[in-house]
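Below, chains carry the letters A, B, ... as their sequence lines are ordered, and counting in each starts from 1. Just the heavy atoms: all of them, side chains too, but no hydrogens, waters or symmetry mates, feed the values below.
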Number of protein chains: 2
Amino acid sequence: MSRSRAVAEPRRRRSADEAREAILDAAETQLRTVGPGGIRLQEVARVVGVSHPTVLHHFGSREGLVEALVARSLERIQAGLFDAVAAQPGTEGIASLLEQVSKQMKADDRARSFLWLALAGYGPGLKGLAVKPLAEAVHEVRRQKRQGSGKRLPPFEDTWFSVLLPALALLSLSVLEDQGISEFDGVRFRAWLAKLVHRHLES
Amino acid sequence: MSRSRAVAEPRRRRSADEAREAILDAAETQLRTVGPGGIRLQEVARVVGVSHPTVLHHFGSREGLVEALVARSLERIQAGLFDAVAAQPGTEGIASLLEQVSKQMKADDRARSFLWLALAGYGPGLKGLAVKPLAEAVHEVRRQKRQGSGKRLPPFEDTWFSVLLPALALLSLSVLEDQGISEFDGVRFRAWLAKLVHRHLES
DNA sequence: TTCGTTATCGACAAGACTGTTCATAACGAT
DNA sequence: ATCGTTATGAACAGTCTTGTCGATAACGAA
């Protein structure tokens, strides 16, 4: 007996990779809103338009899905940071660099995802995010700039903290920018912070 | 028929307030580790040593428990901040103020709880935390200091951002200090940050 | 077209979690 | 000591969630 169905839509069959990406996309929106612990197979499947056993078929288990999602999210966050830095080679444009970074972190709410993951204990925390290598690069530029003038080069720790500070601030800011801090204040704050850090690096 | 029991421990009956506090304490440890969405009645009850209907009796529902917990947590965080500031009246000791605040936020992992709540959409975000009033107080001190000297008083926004910056940084730092940043670096970073902010406020 | 692979789904299973009900017993008040 | 209030727990119900299994059909390859 043929089951009476609405219009009997034909079953769509994506390639394994396509299906995985679509599923990860749906899971990512859940990650942003309810965190890794709140991801539900049924909800993910519903959004994608498949049944939940299909999700299990592609990722083995719920934990498998979450791990794949974590890996992809961290990769994208890191890649975004890398792009932002690569687009701003000089040390002069710290303001625009901060805006670039902020923009990247805002894309797909990456800062939110990162904090969710950090809180939930997934991922390697800041260690995974290559902020220390970035600090080393900045330090090198700083050294060359000091070459000519008579100013002494501060210890590496000073540069490292100077890079760490905006990173930490931007992270919190991205979460609180939705609630309690207006976007307008956010823009002004980042500009103010950029000037502060720039002045410190130069002095 | 009397059910065969181990030793038939006598039922303990706490006062309603005592029971509520004990239950909230247990729920708070879960909040720190798995976030508000991860709180489980059975787990809370198990830790307290009661049955889970008892928890429901005192809070009506799971959501009632979470709301009560959120309220108590935010109150404590705010009170902790207030204490830290009250214990450091001058603007001179910004370094020790930062350490005080950091200490308060570390007590009971309050920064963690706050970020969990902010991410999950509970609580009024930063608006609830009276950081703007604190900025106003700092600004007043700044004005009086500038009175005698010939220096111009910067706009309030500058003071407000100067207070906001350590707040944001400390928030992120408290989460990442467990993973990726050693506690030693945390202490040095806070000292460095205090000096930076102090120099900025004076200049 | 034919065939093999496998993405997909329906149905079911097992457990977890919240919430309800009713009986019981602990504690304070008189 | 007696009594009323109510904190407490055992048992049960209903829903949600992950995971399994077998059947089916879509797509690529031949």
Walking DNA chain C from its 5' end, the first of B:Glu43 and B:Arg14 to be reached, judged by nearest nucleotide, is B:Glu43
B:Gln42 CD to D:dT17 P, in whole Å, measures 16 Å
Just by modelled atom types, is the B:His139 backbone N or O under 3.5 Å from a matching donor or acceptor in the B:Thr159 side chain? no
TODO: Check whether the ring centres of A:Trp160 and B:Trp192 lie less than 6.0 Å apart, and answer yes or no.
DONE: no
Between CD1 of B:Ile23 and P of C:dT18 the distance, given in whole Å, is 13 Å
Original post:
If you measure only the distance, is there a donor-acceptor pair under 3.5 Å linking the side chains of A:Ser113 and A:Ser73?
Top reply: no
*So, is A:Arg11 close to the D:dA26 phosphate, meaning a side-chain N or O under 4.0 Å from OP1 or OP2?*
no
note: B:Leu41, atom CG; D:dT15, atom P; distance rounded to Å ~ 18 Å
Hey, does the side chain of B:Arg13 come within less than 4.0 Å of C:dC27's phosphate (OP1/OP2), counting only N and O? no
- Query: Which is true for B:Leu56 with a 4.0 Å heavy-atom rule: it touches a base, it touches only sugar-phosphate, or it touches nothing?
  - Reply: base
Rounded to whole Å, the NE2-P distance (A:His57 to D:dA26) equals 16 Å
message: Is there a side-chain contact between B:Thr54 and the phosphate of D:dG9, meaning an N or O under 4.0 Å from OP1 or OP2?
response: yes
note: A:His52, atom NE2; C:dC12, atom C1'; distance rounded to Å ~ 10 Å
| request: Just call it for A:Ser61: base, sugar-phosphate, or nothing, with non-hydrogen atoms closer than 4.0 Å on any strand. | output: sugar-phosphate
B:Ile39 atom CD1 is separated from C:dA16 atom C1', nearest whole Å, by 17 Å
Which part of the nucleic acid, if any, lies within contact of A:Gly60, taking any heavy atom under 4.0 Å across all strands shown: a base, the sugar-phosphate backbone alone, or nothing?
nothing
ask   = Think B:His58 has a side-chain N or O under 4.0 angstrom from the OP1 or OP2 of D:dT6?
value = no
Between CZ of B:Arg62 and P of C:dC17 the distance, given in whole Å, is 11 Å
| Does A:Arg62 use its side chain to pair, donor to acceptor, with the backbone of A:Ile39 at less than 3.5 Å? | yes
